[in-house]
S.K.: 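Take a look at the following structure, please.
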Number of protein chains: 2
Amino acid sequence: MAVSDHPRMSDVAERAGVSLSTVSRALRGATGVAPSVRENVERAAAELGYVVSRGASGLVTGRTGRIAVLVPFLQPWFFGVALAGMSTEMRSSGRDMLVYQVGDVTELNAYIRSLPLRSNVDAVIAVALDLEEGEAARFDEIGVPVVFCSQRVKDRASVFIDNTEAAADAARHLLNLGHARIAYIQSSDETGFSWASHDRLRGYEAAMAEAGAAPLVVTERPGHEGGALGMGRLLSMADPPTAVFAESDDVAMGALQVVRRSRLEVPDVVSVMGFDDSDMAALADLTTVAQPVFDMGVQAARLAAETIDASEPCSEHVRLDTRLVVRRSTAVPRPTRSLTGR
Amino acid sequence: MAVSDHPRMSDVAERAGVSLSTVSRALRGATGVAPSVRENVERAAAELGYVVSRGASGLVTGRTGRIAVLVPFLQPWFFGVALAGMSTEMRSSGRDMLVYQVGDVTELNAYIRSLPLRSNVDAVIAVALDLEEGEAARFDEIGVPVVFCSQRVKDRASVFIDNTEAAADAARHLLNLGHARIAYIQSSDETGFSWASHDRLRGYEAAMAEAGAAPLVVTERPGHEGGALGMGRLLSMADPPTAVFAESDDVAMGALQVVRRSRLEVPDVVSVMGFDDSDMAALADLTTVAQPVFDMGVQAARLAAETIDASEPCSEHVRLDTRLVVRRSTAVPRPTRSLTGR
DNA sequence: CTGTTAGCGCGTTCAT
DNA sequence: ATGAACGCGCTAACAG
């Protein structure tokens, strides 16, 4: 197979009338190159449409200029936003972003091992992989620094929010509005609960306990389908809750759908609160907890870049703030216990 | 700077008790390696956690095993799904996916040139970049085969749907239901219209003309905000339309929001049709045109892989089918011209 | 400030 | 079926 006919550094050198190493220095922005020469070289490179081969330079420097991002899914809003943040940060630091959809966490181990990471990327960012306490060790054998995004991992570089505190704030908001019967809808699949969900539940429970209110938790499948099912169960209880706090906006949307199809009014009959502030939340006028997903991506990429530049393991923890976004899906509770208030 | 301490191929060779070239052959699945030896080598590599350095092998083969994907945005549903399709296909063909968010198309040219594509990736997939007729030529100078996804480009490998025909089908569905006053909401920003939007408009117009109905087009900013504004304008007309066809689900969602906030019933008062079948559509019970976005990603990645393997330019066109997904946002028109029908 | 030289890790001849 | 030697394009250390 013939080697591709791309221009090489020697072509640029010839055109600029200098030596190979001068081109290398000039293009790399290294010091010790006369400004006029540098300009010449850059022009020659541009005219040839030349770009350095990262493969060749990485062979020497031991750096690839690439960061791998591992996501469980690509489709949900959350990952698109996080990737956008990372992309922005990596663009400014001149690094490239490799994206791998790892899918089911149960096959995570095997998949990670099959990935060409070691000596092919400088760092890995693992996004919302919901690892168990010890599972982070799986990343040790890939021989590349890892930054965790949207999950706090002990003694590892990670970027995260305080799900527990944020959920407690959200629950308190409902309590402060005067709600006493507040349900929490959480989701669970074959893999079990996500850590985020787990932490949010704890925050909800803490706030309820603090207020002397009895917790009411329903568990359904993930996504808006689960939200619809959960709300269905709540609406068929003897004493339906006046407010529902869903684990995520997606779950909340399912809950809202059921309420609206039943022609019950939100928030008159039942208040609904979500978590995420995804793009759907604004559309649906959903009160929710906003988490800075884009910024989490930025910070994760920044942490990765720092780790690479420092060439030593980093275990910095970056906790980002959440904020309650109050919209029209929450209000003071209905006065009576009848669903329609009539 | 010390070279990283990853295991090299020679380490595997030593451990397996064979030579370097045998390891290379075994790991690459080349012929001419005794089965027992191959097994030994693979075990040794696994034990060492060794993976081939693509940089080094690419230096020899001229192939990087990487495909770059260029997207204007990362956040919208569409791109996540398309990337998921590509990711799936690339995983099965053992290639890695580099993702670049190119952002504003106006700076596309400069950005593409700054990207380390030539001799760093084997192919480029450009997703929904909305290029003008001649703009595709910008990709020529990067010296890498390009596949266009979600845009038809003359004489270039591309994967796309027939937006015009799909939109005509959608409009015909509304006409067949008995609607005569059907509006189309399109979006436009500083960059102008997208090609998809443009093509859909043509389909709508053709279907309307065919039925002898007068077209009614409103143009607003992109996204659900534009949909809300557009619907506002339609609802304040002397003779509001009985059906609205939005350029996209996102726009349709904005339109739906306005209708619902006005306490007008969908589809009793006004039918609403979208385009995309995004995840929101199902949630909102929105009738829409489904386009196979995931499959478009798969096909684009497949085309890219074929082009690479054939090592010659490919200009195959892959047209994928759309289908109308009828939900509860469309129905026969209200009997009277009053908005509430009373 | 610039040029010369020696490898980086691997795939591919060509021997054996 | 296996091994030895060469070079892919580039950077780094050194010499000038």
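So you know, we letter chains A, B, ... as the sequences are listed, proteins then strands, and number each from 1.
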S.K.: Five pairs per end, C1' atoms only: what is the angle between the end axes of the helix from dC1(C)-dG16(D) to dT16(C)-dA1(D), to 10 degrees?
M.R.: 30°
S.K.: Does Thr61(B) make a side-chain donor-acceptor contact with the base of dG11(C), cut-off 3.5 Å?
M.R.: no
S.K.: Are Thr22(B) and dG3(D) close enough that a side-chain N or O sits under 4.0 Å from OP1 or OP2?
M.R.: yes
S.K.: I'd like to know whether CD of Glu47(A) has more than 12 heavy-atom contacts from other residues, nucleotides or ligands below 6.0 angstrom.
M.R.: yes
S.K.: With a non-hydrogen cut-off below 4.0 angstrom, is Ser57(B) in contact with a base, only sugar-phosphate, or nothing?
M.R.: sugar-phosphate
S.K.: Does Arg28(A) make a side-chain N or O approach to OP1 or OP2 of dC10(D) shorter than 4.0 Å?
M.R.: no
S.K.: Given dC10(D), is OP1 or OP2 found less than 4.0 Å from the side-chain N or O atoms of Ser53(A)?
M.R.: no
S.K.: Do Arg91(A) and Tyr111(B) form a cation-pi contact, if we require the NZ or CZ to be under 6.0 Å from the six-membered ring centre and within 45 degrees of the ring's axis?
M.R.: yes
S.K.: Distance check: side-chain N/O of Ser19(A) vs OP1/OP2 of dG3(C), anything under 4.0 Å?
M.R.: yes
S.K.: Looking at Arg25(B) and dG3(D), is any side-chain donor or acceptor paired with a base atom of the opposite kind under 3.5 Å?
M.R.: yes
S.K.: Using a distance-only test with no angle check, is there a side-chain donor-acceptor pair under 3.5 angstrom linking Asp155(B) and Ser315(B)?
M.R.: no
S.K.: Answer yes if the ring centres of Phe78(A) and Phe73(A) are under 6.0 angstrom apart, and no otherwise.
M.R.: no
S.K.: Mapping Ser24(B) and Val37(A) onto DNA chain C by nearest heavy atom, which one lands closer to the 5' end?
M.R.: Val37(A)
